[in-house]
Amino acid sequence: MRYDLVIFDNDGVLVDSEPISNRLLAEYLTELGHPTSYEDSIRDYMGSAMHRIHELVRERTGQTLPEDFDDVFHQRVFAGFERELKPVPGVVAVLEKLVAGGVPYCVASSGSHERIRVGHRTTGLDRWFGEGLEFSAQDVGRGKPAPDLFLHAAERMGVAPERCAVVEDSPLGVRAGLAAGMDVYGYTAMTPAEKLAGARGYFSDMGELLDLLS
């Protein structure tokens with residue numbers, strides 16, 4: 001392994017949540033008078049922190065989302081997770097091999113700590129991410145595409161940025177990893193490689209990841 005730390009994005013990389021959350025986000029925004037398709041949500045919001053949704057709606061419409069928007073959305077998402085959420089195929093095998101090889105890893109997500117915990121508990125991934133291995137955009141002032149979250153995770157894990165590999169599936173996440181001075185590997189199961197420009201490598205199956213990192 002050429003890296004001292006592997007930093008995983010969460011949604012779409014560890015848990016197969018992007019189809020669920022983007023469908024629900026599109027439905028909720030449309031209910032509020034901001035017509036949004038599933039494809040629109042994937043394009044505009046995938047990989048972003050909640051503040052970006054508020055900012056884009058305000059920029060485009062001049063309107064402000066309701067004060068309880070985040071709470072209502074998260075309630076819907078968590079209910080959707082309970083019904084549908086699964087781990088990304090093959091990711092458990094990757095985590096098993098990292099542990100067996102003594103390679104440190106963590107998760108750095110645009111989602112809240114609660115969202116990370118609910119997703120991991122629902123899918124059984126909580127056994128792989130104990131205390132000190134979960135980092136959220138809540139921990140820093142700016143979410144992706146700013147580098148702050150990845151730099152924070154590396155600092156807390158005691159690893160220099162240039163020794164870190166980031167595993168991402170969104171353009172915002174790739175930009176954040178590159179801005180942090182880290183090598184980024186683009187997971188293309190949902191996002192075409194051309195939208196993850198700048199990544200060091202690309203893979204569509206989790207079984208391919210460790211070979212890229214070696």
Side-chain angles (χ1 to χ4, degrees), residues 7-32 34-54 56-57 65-66 68-96 105-130 133-138 143-144 149 167-174 185-192 195-196 203-209:
I7 305 177
F8 291 94
D9 176 43
N10 189 53
D11 294 291
V13 171
L14 295 176
V15 294
D16 196 14
S17 55
E18 293 292 8
I20 301 170
S21 58
N22 281 282
R23 183 185 74 240
L24 294 171
L25 178 58
E27 290 174 358
Y28 189 25
L29 288 173
T30 299
E31 283 178 27
L32 294 173
H34 307 291
T36 305
S37 69
Y38 172 76
E39 292 75 18
D40 293 337
S41 183
I42 291 288
R43 181 193 66 227
D44 294 339
Y45 303 119
M46 182 172 161
S48 65
M50 290 299 294
H51 68 80
R52 179 177 168 84
I53 301 173
H54 290 265
L56 283 182
V57 169
L65 291 171
D68 64 349
F69 178 87
D70 291 14
D71 290 338
V72 172
F73 176 60
H74 283 129
Q75 289 170 8
R76 296 186 182 192
V77 167
F78 295 161
F81 283 2
E82 295 290 345
R83 294 190 303 268
E84 307 174 49
L85 190 63
K86 304 292 183 186
V88 165
V91 78
V92 170
V94 170
L95 296 171
E96 288 175 342
Y105 64 87
C106 65
V107 58
S109 173
S110 292
S112 66
H113 280 288
E114 184 181 14
R115 178 175 173 134
I116 297 169
R117 287 193 296 268
V118 169
H120 287 189
R121 185 175 65 247
T122 302
T123 58
L125 291 183
D126 52 344
R127 65 173 292 200
W128 301 101
F129 290 91
L133 298 182
E134 297 180 354
F135 304 99
S136 162
Q138 289 181 312
K144 305 170 189 178
L149 176 56
V167 185
E168 267 287 354
D169 70 332
S170 76
L172 293 176
V174 171
Y185 293 85
Y187 182 45
T188 61
M190 282 190 63
T191 309
K195 293 189 176 182
L196 303 177
F203 64 106
S204 59
D205 185 307
M206 277 293 165
E208 305 167 358
L209 176 59

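Treat the numbers as computed from the prediction; the structure is a model and nothing was measured. All residue numbers in this chain count up from 1 along the given sequence.
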Side-chain donor or acceptor of [X] paired with backbone N/O of [Y] under 3.5 Å:
X    : Y    : result
S136 : G111 : yes
T123 : K86  : no
T191 : D169 : yes
Y45  : L56  : no

Gap separating the [atom1] atom of [X] from the [atom2] atom of [Y], nearest 0.5 angstrom:
X    : Y    : atom1 : atom2 : result
W128 : H120 : CH2   : NE2   : 13.0 Å
M46  : S110 : CE    : OG    : 10.5 Å
L125 : N10  : CG    : CG    : 8.0 Å

In the structure I gave you, are the side-chain heavy atoms of [X] and [Y] within less than 4.5 Å of one another anywhere?
X    : Y    : answer
L25  : T36  : no
D126 : R117 : no
L65  : L29  : yes
V15  : P87  : no
I7   : F135 : no

With [X], which residues qualify under side chain to side chain donor-acceptor pair (under 3.5 Å), at least two apart?
X    : value
Y185 : R2, Y3, R200
S109 : none
R76  : E31
D44  : R60

Stepwise side chain to side chain contact (heavy atoms under 4.5 Å, CB included) test for F129 and L14: CA-CA 11 Å; F129 290 91; L14 295 176; 3.5 Å; yes
Just jot down the ring pair (Phe, Tyr, Trp, His ring centres under 6.0 Å) partners of [X], sequence neighbours excluded, or say none.
X   : result
F8  : none
Y38 : none
H74 : F78
F73 : none

List, one per line, each side-chain donor-acceptor pair under 3.5 Å for residues 17-24, sequence neighbours excluded.
unit_1, atom_1, unit_2, atom_2, d
S17, OG, D11, OD1, 2.4
E18, OE1, N22, ND2, 2.8
S21, OG, S17, O, 3.1
S21, OG, R115, NH2, 3.2
N22, OD1, S41, OG, 2.7
N22, ND2, E18, O, 2.9
R23, NH2, E84, OE2, 2.9

Pairing residues for [X] by the salt bridge (Lys or Arg N to Asp or Glu O under 4.0 Å) criterion, not counting sequence neighbours:
X   : value
D9  : K144
D70 : none
R43 : D40

For [X] and [Y], which heavy atoms make the closest approach, and how far apart are they?
X    : Y    : answer
E82  : V118 : OE2-CG1, 4.5 Å
S204 : A189 : O-CB, 4.2 Å
V91  : V13  : CG2-O, 3.7 Å
T122 : F81  : CG2-O, 3.5 Å

